[in-house]
Amino acid sequence: MSEALEVAGCLAATGAVSAALLVSDARLRAAGLLAAMAIAAALVAGQGWDDIQGLRDQPLEFAGVIVAAAVVLIAGAAAMLRWPTLLPLLLLATMAFRIRLHVSGGQAVNLLIPLYATIGAGVLATAVDAAAGRDRLRPLPRPLVFAVVLVICLYALQTIYSVDVAFAARNVGFFLVPFAVLFCLFAMRSWDRRLLGLAFAVVLIEAVILAGIGIGQYATEHIFWNGKLEASNDFHFYFRVNSLFWDPNIYGRYLMVAILFASSALLWTADRRVAFVLVGTVAVIFTGLVFAFSQTTFIALFVGLAVLAGLRWSARWAVVATPVAVGVIALG
């Protein structure tokens, strides 16, 4: 793909998703989301066209991959139309996972394929809903919309004079446009108490499973996927784990978010049974976090807990106690 086409694709994709975010008509919004995802997919395909030469040389297998992808998208969209709550829950569940693929030349890449598939199915379901006149969606929060539109459009405009258009096109196709669509799909939902509870359960259950895998890795000293991490463990006195993630730091940050969610509920719940369940959940997740040995994650967790303490009890005492706690932790 030529640089001119990549620049045009970046501008068109960000323009389409910006229009989808700014309009209030459900059909126009769905059309913008469809166009944005289609152009983003074209940018990605253009970048990786040479990398799949081996697959393209086998027409039947290539056609099978395309048909399988279409079946997954249609089946996912049908399920989301039947159970609308499924879309945000699947988006949350697939957000953390990457699939490692090997392209031409032996190069390996980690792609958010489960999340991309869920976003694609969600956009397709949204389009079918809009075409049928079933507008179950609420208006988007305008300040956040303006912020998202400003960022992605500014980035796309800079591709005009970029010295590395291919890199910018990858960022637009893989991240900026899909994540803007992801924001739109989340924001259009009505987040009532039931949906929030289900989302909370998905995050915590997934975190417990991932932490359990990490604990098992530590016990068996067996690492998945990441050969560099396995080699680095041979030269340190500690053993870092990555669970189903590639990077131990990303794994740690996912667990950190789950711990902060659980701690928030724990601080405000009045039900002792719920409190005991949350304490046990945090204990398992924190154990998994310890074995990730991610120092930046521990700093982020400490800051988050300090903020929660200030919100729950006293901001003044939280400000006073935080430096003392930092000193004790550093000494420890």
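Keep in mind it's a predicted model, so treat the numbers as computed, not measured.
- Atom CZ in Phe179 sits 13.0 Å away from atom CD1 in Ile152 (nearest 0.5 Å).
- Val165 and Phe175 are members of different hydrophobic clusters when ILVMFWY side chains are connected at heavy-atom separations under 4.5 Å.
- Under the 4.5 Å side-chain contact rule for hydrophobic residues, Val17 and Leu115 share a cluster.
- In the displayed structure, Trp225 atom CH2 is contacted under 6.0 Å by at most 12 heavy atoms of other residues, nucleotides or ligands.
- No side-chain donor from either of Thr126 and Arg29 sits under 3.5 Å from a side-chain acceptor of the other.
- Note that CZ of Phe261 is 14.5 Å distant from OG1 of Thr281, once rounded to the nearest 0.5 Å.
- Taking CG of Leu176 as the reference point, atom SG of Cys10 lies at 9.0 Å (rounded to 0.5 Å).
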Going through the checks in order, is the side-chain hydrogen bond (donor to acceptor under 3.5 Å, both in side chains) test met by Ser264 and Arg312?
-> CA-CA 9 Å; Ser264 301; Arg312 180 62 179 87; over 6 Å; no
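- Here the straight-line distance linking atom CZ of Arg189 with atom CG of Leu196 works out to 14.0 Å at 0.5 Å rounding.
- Neither side chain, Arg240 nor Asn226, offers a donor N or O lying under 3.5 Å from an acceptor on the other.
- Open room surrounds CZ on Arg316; 12 or fewer heavy atoms of other groups in view lie less than 6.0 Å from it.
- Using a distance-only test at 3.5 Å, with no hydrogens or angles considered, a donor-acceptor pair links the side chain of Thr159 to the main chain of Ala156.
- Note: Phe291 and Tyr218 have parallel aromatic rings, judged against thresholds of 30 and 60 degrees for the angle between ring planes.
- Here CE of Met95 is found 5.0 Å from CG of Leu182. Values are rounded to the nearest 0.5 Å.
- Leu28 and Val181 sit in two unconnected hydrophobic clusters of ILVMFWY residues. Membership requires side-chain heavy atoms under 4.5 Å apart, directly or through other members.
- Cluster membership check: Leu157 does not share its hydrophobic cluster with Tyr161, using side-chain heavy-atom separations under 4.5 Å among Ile, Leu, Val, Met, Phe, Trp and Tyr.
- In terms of modelled atom types and a separation under 3.5 Å, the side chain of Tyr116 and the main chain of Phe174 share a donor-acceptor contact.
- Put simply, the residue from Leu92, Leu89, Leu86 that forms a side-chain contact (heavy atoms from CB on, under 4.5 Å) with Leu198 is Leu89.
- Side-chain atoms of Ser232 come within 3.5 Å of backbone N or O of Leu229 as a donor-acceptor pair.
- For Trp317, the CH2 atom is loosely surrounded, since the number of other residues' heavy atoms within 6.0 Å does not exceed 12.
- Judged purely by atom type and a 3.5 angstrom limit, Thr220 uses its side chain to pair as donor or acceptor with the backbone of Gly216.
- Looking only at distances, a side-chain donor or acceptor of Ser243 sits under 3.5 Å from a matching main-chain atom of Leu210.
- Listed by first and then second residue, the salt bridge (charged side-chain N to carboxylate O under 4.0 Å, His left out) pairs involving residues 265-283 are Asp271-Arg273 (not counting sequence neighbours).
- The cluster map of Ile, Leu, Val, Met, Phe, Trp and Tyr, joined by side-chain heavy atoms under 4.5 Å apart, puts Leu34 and Val72 in different clusters.
- Gln217 places a side-chain N or O within 3.5 Å of a backbone atom of Asn242 that can act as its donor or acceptor partner.
- Distance CG/Leu185 to CG/Leu33: 6.5 Å, rounded to 0.5 Å.
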